[in-house]
Amino acid sequence: MKRKFFILALLFALLSLASCETDDFDVKNPNVDQFVIVLKKGNYFSEVGYQLPDFNDKHIGNLLDYVNDTSIVNEFPTNPVSSKYTALKILSECIMWTIDGIRLGNKYPSLEPCLVDTTTYSELHGYARMSGQELLKISKLYINWYNEYKQNPTTELLKKNLFENTPYRWN
């Protein structure tokens with residue numbers, strides 16, 4: 001009898017650990033790895049809601065771990081004042097947008113995480129979205145900026161326009 005109880009307790013403990021991977025995600029005290037797991041699972045809205053977590057500058061280093069991940073995500077929280085929602089999203093683009101929200105101190109740097117090249121405008125289609133390969137090139141701007149910022153963490157450097165002298169901007 002004790003053995004059956006022990007086995008049942010062990011199974012319950014293992015199931016509890018497996019289900020806790022994202023169940024305890026807290027938007028007020030977020031964990032970057034859990035955030036990305038929920039995004040990749042594709043059910044962010046039902047598990048977390050429509051709000052972007054309350055990340056701060058201490059999260060930037062962990063967010064940068066995912067800046068080169070060009071996985072497609074089906075759901076990503078956008079600016080609550082926006083009715084615009086472009087699906088599908090590329091994770092690296094969403095991560096860079098999240099970092100800019102932290103850096104600029106306004107959580108949402110634009111209506112949605114949609115990076116465009118302003119040299120590609122056409123009256124018929126508007127601005128072309130960035131491809132995964134283009135986003136990988138842009139991610140280097142963020143990595144280089146962060147390495148510089150870690151050496152000299154000033155407010156001026158934190159809020160530096162990373163797209164200055166480039167044709168890129170958040171749409």
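Just so we're clear, the structure is a prediction, and the values are computed from it rather than from any experiment. All residue numbers in this chain count up from 1 along the given sequence.
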Intermediate values then yes/no, salt bridge (Lys or Arg N to Asp or Glu O under 4.0 Å), Asp117 and Arg169 = CA-CA 7 Å; Asp117 180 341; Arg169 73 173 173 96; over 6 Å; no
Cys94 side chain near Lys89 side chain, heavy-atom distance below 4.5 Å | yes
More than 12 foreign heavy atoms under 6.0 Å from NZ of Lys137: is that the case here?
-> no
Measure the OG1-CD1 distance between Thr166 and Ile138 for me, rounded to the nearest 0.5 Å.
-> 7.5 Å
Does the gap between the ring centers of Tyr50 and Tyr44 come in under 6.0 Å?
-> no
Any side-chain heavy atom of Ile90 within less than 4.5 Å of one from Val73?
-> no
Given side chain to side chain contact (heavy atoms under 4.5 Å, CB included), test Leu39 with Phe35 step by step and report yes or no.
-> CA-CA 6 Å; Leu39 288 172; Phe35 175 64; 3.6 Å; yes
Rounded to the nearest 0.5 Å, the CG atom of Asp54 sits from the CG atom of Asn29 at a distance of 9.5 Å
Rounded to the nearest 0.5 angstrom, the CG-CG distance for Leu91 and Asp69 is 4.5 Å
Examine distances only and state if a side-chain atom of His125 and a backbone atom of Ser122 form a donor-acceptor pair shorter than 3.5 Å.
-> no
Any residue meeting ring-ring contact (aromatic ring centres under 6.0 Å, His included) with Tyr168, in chain and number order, not counting sequence neighbours = none
Kindly state each residue pair satisfying side-chain hydrogen bond (donor to acceptor under 3.5 Å, both in side chains) with at least one member in residues 91-105, sequence neighbours excluded.
-> Glu93-Arg129, Trp97-Ser110, Asp100-Arg103, Asp100-Tyr142, Asp100-Trp170
Side-chain donor-acceptor pairs of residues 145-153 under 3.5 Å, sequence neighbours excluded:
{"from": "Trp145", "atom 1": "NE1", "to": "Leu157", "atom 2": "O", "distance (Å)": "2.8"}
{"from": "Asn147", "atom 1": "ND2", "to": "Ile143", "atom 2": "O", "distance (Å)": "3.3"}

Check whether Val116 and Phe163 end up in the same hydrophobic cluster, where Ile, Leu, Val, Met, Phe, Trp and Tyr are linked by side-chain heavy atoms less than 4.5 Å apart.
-> no
Counting heavy atoms not belonging to Lys160, are there more than 12 under 6.0 Å from its NZ?
-> no
Any link between Leu104 and Ile102 through a network of hydrophobic side chains (Ile, Leu, Val, Met, Phe, Trp, Tyr) touching at under 4.5 Å?
-> no
Out of curiosity, Lys40 NZ to Ser71 OG, how far, rounded to the nearest 0.5 Å?
-> 4.0 Å
Look up atom CG in Leu136 and atom CE in Met130, then write down how far apart they are to the nearest 0.5 Å.
-> 10.5 Å
Side chains of Val32 and Phe55 in contact at under 4.5 Å (non-hydrogen atoms) = yes
Check each of Gln34, Lys41, Glu75 against Glu47 using the side chain to side chain contact (heavy atoms under 4.5 Å, CB included) test, and report the only one that passes.
-> Lys41
All heavy atoms of Phe45 vs all of Pro77, minimum pair found to be CE2-N, 4.0 Å
Okay, side chain of Ser46, backbone of Asn43: is any donor-acceptor separation there less than 3.5 Å?
-> yes
List in chain and number order the residues that pass side chain to side chain contact (heavy atoms under 4.5 Å, CB included) with Asn165, two or more places apart in sequence or in another chain; answer none if no residue qualifies.
-> none
Mind checking the NZ-CG spacing from Lys107 to Leu52? Nearest 0.5 Å is all I need.
-> 5.5 Å
Any chance you could pull the hydrophobic cluster mates of Val81, using side-chain heavy atoms under 4.5 angstrom and chaining through other members?
-> Leu111
Taking every non-hydrogen atom, the tightest pair across Thr78 and Tyr108 = O-CE2, 3.5 Å
Minimum-distance pair of heavy atoms, taken over all atoms of Gly132 and Thr70 | O-CG2, 3.7 Å
Among the clusters formed by ILVMFWY side chains lying less than 4.5 Å apart, do Leu88 and Tyr127 turn up in the same one?
-> no
Check ring-ring contact (aromatic ring centres under 6.0 Å, His included) between Tyr66 and all other residues, then give those that pass, not counting sequence neighbours.
-> none
Give the cluster check for Leu141 versus Ile99: same hydrophobic cluster or not, with ILVMFWY residues linked at side-chain heavy-atom distances below 4.5 Å.
-> yes
